[in-house]
Amino acid sequence: MSLLTISASPHVHGDNSTKKIMWGVVYALIPALLVSVYYFGLDALRVVFIAVAASIFFEWLIQKYLLNGSETISDGSAVITGILLAFNVPSNLPWWIIVIGALVAIGMGKMSYGGLGKNPFNPALVGRVFMLISFPVQMTSWPKAQPIINGITDAITGPTALGIMKEGLDAGKTVSEITANIPSNMDLFIGNMGGSMGEVSAIALILGGVYMLWKKIITWHIPVSILLTVAIFSGIFHFINPEHYVCPIFHLLTGGMLLGAIFMATDMVSSPMTSKAQLVYGIGIGLITVIIRIWGAYPEGMSFAILLMNAGVPLLNNAFKPTRFGKEVKHG
Amino acid sequence: MKTFKLGGVHPPENKLSAEAAIETIALPKQVTVPLGQHLGAPATAIVKKGDMVKVGQQIAKATGFISANIHSPVSGKVFKIDNVYDSSGYRKPSIIINVEGDEWVDTIDRSTDIDANIKLSAKEITDKINEMGVVGLGGATFPSFVKLMVPDGKKVDYLIINGVECEPYLTSDHRLMLERGEEMLIGVSILMKGLNTNKALIGIEDNKKDAIEDLKRLAQKFKGIEVHPLKVQYPQGGEKQLIQALTGREVPSGKLPLEVGCVVNNVGTALAIYEAVQKNKPLFERVVTVTGKSVKKPSNFLARIGTPIKELIEAAQGLPEDTGKIINGGPMMGKALLNTDVPVVKGTSGILIMPEKESKRNEASNCIRCAKCVEACPMGLEPVLLSKTSKLELFEKVEAERVMDCIECGSCSYTCPANIPLLDYIRYGKNKVGGIIRDRSKK
């Protein structure tokens, strides 16, 4: 018999692990990935492949040569950043922009703070916003959904449903006039619409969300508070003037709303730790997104909203402590 | 089903020895009786080298108020009084006795008939428990008579009996409830008389359905005793959690259960009190579980205090080949032992032998702020914050975040996906802040 081990209690460990959580998120993204391949063809695979490969490469490079640490790419977080980055861009984006986006996401958004767990902002969104501001034209020409069963054809590009709605309203048209020219709500739900790869299929994203809830990777607080806030806030305005403010269902199904609410805002590292703080965080994201969508310069506000609320997380964590057991009594 | 409200985890129960009836093991050749096997000041020896002692004879007397008497578990000759390693890993003053025969003092009533007639008054009960050296057998070893001394102005609404045994693997309380339930309930009545209360609540985790049924049936003969099944969740047996589960009351931070009108005692302690008051028998033996996945015969042994652990392991058919760690207590809060020479003491509830492949910790990685530790903490603390600030030695912040409320249950470390040793850092912080508070109150 070998020597006895001495270590402090507890002497057993549950089966949670960082790897399981990260890969669980990757599995949850598979339905959405399959749908985007269906609607955008091989281009979708190309974008995901480049984004993931670049993310892994940059993390490995920076970790080994700049931070002089042990390897971290096997924990799966770089893969998630790559996939989420890919989901935020048009499937016809030039490869070199994707690589720059991955470098910014991993290098600036994550490694510059010290690596996994230390970043205050969601790395994929940091990369995405950088690309949007630096390459506005390429980042806003969205391919139309063309199911690959119809044969592989050249991509047709144009603005998203959200973009069309925003432009039309700004130009003075009414909601009903614009609605005639954009996909129906059912089309928006299953994914038959133009847009980035991750925003197309609501049902695929919701499926992934349910999977993560089941595996206890996320809780309901952030997605529900975001979506409810968006629904109620946009609903109030729609109720007041239905021809000038589009209905809440439209807001929920277009743009990065579901991808953001289910996958981006729920990123553990950049979101608050207690349920109460998470609810306030979600309400904040919902409000800011709708404000930008209705009155801001951009048709989509989700990325900015999440990054802004990320900045407020330390404050939220401090303000909303968990319920303590037993009343406090001063010592000594 | 009743349970505590905040946090908790559910480790695999592994009650391998639940079916093993209590077995008396053979007497060892030599016993080592530490003088400090209870909370409070160690006792002072009243025998010296060469003295002949009998079973049940007092060999050490309590030093000060929070202390306990110690009685000889064997008959024989005192070999020496020396500093010897005990389960704490430190050398402690102990009385070592060479065993000769098994002669008991004649004041002990050795008959096995069950005596339900409580003749002593409340004050006499308290004194008798003190005299007989009874301490809390749940593991804390707090001198039991102190709990019966209720200060003026405070009233006990509920006597709470802890039959939860929430630690995985341990089954000594389970077997006691099954095999000596009636005597244990008489012990509960004695406690009720001592505390001047007419309500006792017994909490038992729902994985001991046979004990729950048995005690519910037996308790019908007793006035005021209720048996309640509790959800299987760790740490259901934690004093504060148990009080909340059974009564809904929350003990305020830093205060005793008496603050909310409750006194808590383990089922083993209740049985020891029955033996002390009704049979004049001091505390010198207890039931110890010997268990583990590779142990050939997981058992529950009635062992005399001072028996070396290795004798119990031999009685369980020997130390398994693949042993990696030997734990005194359960896997969540127990202490890893240096060797098997250490003796059984009043607080030894079980010996858990862990196979090599389960003995090493997983490697720690970065905190991903998942907040699973916050979810798991039964006291509503933030282990991630306490751990980080303790590591950075920001003790003012550590105290402000209520580290002194931590019950060291280990749920946080258990659940952390990054395998961070949260409890290690928290214990460090708690230790330092405790020192700061003591210094502050001295000024």
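Per chain, numbering begins at 1; letters A, B, ... match sequence-line order.
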Quiz prompt | Trace of the side chain to side chain donor-acceptor pair (under 3.5 Å) decision for A/Thr5 with B/Lys360 | solution = CA-CA 7 Å; A/Thr5 304; B/Lys360 299 264 192 292; 3.2 Å; yes
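Using a distance-only test at 3.5 Å, with no hydrogens or angles considered, a donor-acceptor pair links the side chain of B/Glu250 to the main chain of A/Gly326. B/Ser441 places a side-chain N or O within 3.5 Å of a backbone atom of B/Arg438 that can act as its donor or acceptor partner. Formation of a donor-acceptor pair under 3.5 Å by the A/Thr266 side chain with backbone atoms of A/Ile262 is found in this model. For B/Ser88 (side chain) and B/Tyr90 (main-chain N/O), a donor-acceptor pair under 3.5 Å exists by modelled atom type. For B/Asn366 (side chain) and A/Leu116 (main-chain N/O), a donor-acceptor pair under 3.5 Å exists by modelled atom type. At least one donor-acceptor pair closer than 3.5 Å links the side chain of A/Gln63 to the backbone N or O of A/Ser70. Of the possible polar contacts, none joining the A/Tyr281 side chain to the A/Lys276 backbone as a donor-acceptor pair under 3.5 Å is found. For the pair B/Thr247 (side chain) and B/Arg249 (backbone), a donor-acceptor distance under 3.5 Å is present.
Chosen from B/Cys367, B/Gly334, B/Pro168, B/Pro11, the residue pairing most often with chain A at heavy-atom distances under 4.5 Å is B/Gly334. Counting heavy-atom pairs under 4.5 Å between each of B/Val374, B/Thr415, B/Asn339 and chain A puts B/Thr415 at the top. Contacts with chain B were tallied for A/His13, A/Lys216, A/Met273, A/Met268; A/His13 has the most, counting heavy-atom pairs under 4.5 Å.
In this structure, chain A has a heavy atom under 4.5 Å from the side chain of B/Arg427, while its backbone stays farther away. Proximity to chain A (any heavy atom under 4.5 Å) is restricted, for B/Glu356, to the side chain, taken from C-beta onward. The contact between B/Lys240 and chain A is made by backbone and side chain atoms together, counting heavy-atom distances below 4.5 Å. The part of B/Leu423 that comes within reach of chain A is its side chain, from C-beta onward, which places non-hydrogen atoms under 4.5 angstrom from that chain. Residue B/Ser413 touches chain A through both its backbone and its side chain, counting heavy-atom pairs closer than 4.5 Å. Proximity to chain A (any heavy atom under 4.5 Å) is shown, for B/Cys370, by both the backbone and the side chain. For chain A, the nearby parts of B/Ile368 are the backbone and the side chain; heavy atoms of each come within less than 4.5 Å. Both the backbone and the side chain of B/Leu381 come within less than 4.5 Å of a heavy atom of chain A. Contact of B/Asp424 with chain A is made through the side chain alone, with heavy-atom distances under 4.5 Å. For B/Glu382, the parts lying near chain A are the backbone and the side chain together; criterion is any non-hydrogen pair under 4.5 Å. Only the backbone of A/Asn119 comes within contact range of chain B, with heavy atoms under 4.5 Å apart. Heavy-atom distances place no part of B/Pro421 under 4.5 Å from chain A, backbone and side chain included. Neither the backbone nor the side chain of B/Val260 comes within less than 4.5 Å of any heavy atom of chain A. Looking at A/Ile6, the atoms closer than 4.5 Å to chain B (heavy atoms on both sides) sit in the backbone and in the side chain alike. Contacts of B/Met332 with chain A are made by both backbone and side-chain atoms, with heavy-atom separations under 4.5 Å.
Here the rule is side-chain contact (heavy atoms from CB on, under 4.5 Å) with B/Val403, and of B/Leu385, B/Ile426, B/Thr389 only B/Ile426 fits it.
Look at A/Arg324 and B/Glu401 and you find a salt bridge, because one of the NZ, NE, NH1 or NH2 atoms lies within 4.0 Å of a carboxylate O, short of that distance.
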